[in-house]
Amino acid sequence: MSFIVAIDGPAGSGKGTVTKQVAQEMGLTNIDTGATYRCVALAVIENNVLLEEKSKIIELAKNIKIDMDTEQNVFLNGRNVTQQIRSKEVSAIVSQISSIKDVRLLMVDLQRKLAEGKDVIMEGRDITTYVFPNADVKIYLDASIEERAKRRYKEMQERQIEATYEEILENIKMRDENDKNKEIGSLKIAPDAIVIDTTELSIEKVTEKVKEIIKSAR
Ligand code: DC
């Protein structure tokens, strides 16, 4: 039996950072589901496949091997791509890649397998609603779009990836739109999820809140 904490929310809502922190402090395995879509996007770029070539993208998604280790490293066909999957190029197409139904079905299957028999904290867009609708804990993190763009801008600067605030804001707007309008696994708030608005909250504060919610459910 595994214990599952599911966290959803839009880009820049703090899910990634909070999930990593909570995982470490509470001894849960962290599964970053966005990373699985990012790996497919990276493979698409590296294999010179066009976004219109849907069947080629699905074929690629079927044939690549995605792994994650306990240190949050991500591997594509055995190669460590943890940094590469955060590049501007990958971010620009990942939402469209994740909108392809067959890619989603393959990735959801993989995400469920990655969680098998473990106590996990899993973040994404459709974890509380589709991947694990019966999760033990369901949380939805939100924040204003400006605040989310500001956070992503800071993150990019820290990683020394060149991008302007305006570029990031546009990218987030586009991803919000795409994430909300997917045929399956669209971003929405599960009726029984606990919603936390993080706009005015520090990462530490959000982490504390999430830990409290998990403790009372465990
Ligand atoms: O969380 P992220 O920015 O790394 O996610 C990358 C993309 O994948 C983003 O456009 C949303 C999508 N995604 C998804 O559709 N379903 C998930 N469970 C996780 C991410």
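Bear in mind the structure is a predicted one, so any value in this text is a computation, not a measurement. Numbering of ligands and ligand atoms starts at 1, following listing order. Values below: all heavy atoms of this structure, side chains included; hydrogens, waters and symmetry mates excluded.
Of the polar atoms of Glu123, none of the N or O atoms is found under 3.5 Å from an N or O of ligand 1, judged by distance alone. On a distance-only criterion, Tyr37 and ligand 1 share no N/O pair closer than 3.5 Å. Between Asp126 and ligand 1, a contact under 3.5 Å exists for at least one N or O pair. By the 3.5 Å distance cut-off applied to N or O atoms, Asp32 is not counted among the residues near ligand 1.
Interface atoms of ligand 1 facing Ser95, defined by a heavy-atom separation under 4.0 Å, are 10 (O). With ligand atoms numbered from 1 in the order given, ligand 1 contributes 10 (O), 11 (C) to contacts under 4.0 Å with heavy atoms of Asp179. Atoms of ligand 1 found under 4.0 Å from any heavy atom of Arg104 (numbered from 1 in listed order, with element): 14 (C), 15 (O), 16 (N). Per-residue contacts place Arg86 under 4.0 angstrom from the following atoms of ligand 1 (heavy atoms of the residue considered): 4 (O). For ligand 1, the atoms lying closer than 4.0 Å to a non-hydrogen atom of Arg38 are 2 (P), 3 (O), 4 (O), 6 (C). Close approach to Arg175 involves these atoms of ligand 1, each under 4.0 Å from a residue heavy atom: 2 (P), 3 (O), 9 (C), 10 (O). Atoms of ligand 1 lying under 4.0 Å from at least one heavy atom of Gly124, given by number and element, are 17 (C), 18 (N), 19 (C).
Nearest to atom 13 (N) of ligand 1 among the protein's heavy atoms is Arg125 CG, 3.6 Å. Distance from atom 19 (C) of ligand 1 to its nearest protein heavy atom, with residue and atom name: Thr33 OG1, 3.3 Å. The protein heavy-atom contact nearest to atom 5 (O) of ligand 1 is Gly34 CA, 3.6 Å. When only non-hydrogen protein atoms are considered, atom 12 (C) of ligand 1 lies nearest to Ser98 OG, 3.6 Å.
Taking 4.0 Å as the cut-off between side-chain N and carboxylate O, Arg112 and Asp109 do not count as a salt-bridged pair. A salt bridge is defined here as a Lys NZ or Arg NE, NH1 or NH2 lying under 4.0 Å from an Asp or Glu carboxylate O, and Asp67 with Lys65 meets this definition. Here Arg79 pairs with Glu46 in a salt bridge; the nearest charged N to carboxylate O distance falls below 4.0 Å. Salt-bridge annotation for Arg104 and Asp126: present, with a side-chain N of the basic residue lying under 4.0 Å from a carboxylate O of the acidic one. Here Asp8 does not pair with Lys15 in a salt bridge; the nearest charged N to carboxylate O distance is not below 4.0 Å.
Note: the hydrophobic cluster containing Ile203 also contains Val210 (ILVMFWY, side chain heavy atoms under 4.5 Å, direct or indirect links). When the side chains of ILVMFWY residues are joined at heavy-atom separations under 4.5 Å, either directly or via intervening members, Val18 and Ile214 end up in a single hydrophobic cluster. The hydrophobic cluster containing Ile57 also contains Leu105, counting ILVMFWY residues as joined when their side-chain heavy atoms lie under 4.5 angstrom apart, directly or transitively.
The closest approach between a heavy atom of Gln111 and any atom of ligand 1 is not below 4.0 Å.
One distance of note links OG1 of Thr17 with CD of Glu204; it measures 10.5 Å at 0.5 Å rounding.
Of the possible polar contacts, none joining the Arg175 side chain to the Ser95 backbone as a donor-acceptor pair under 3.5 Å is found.
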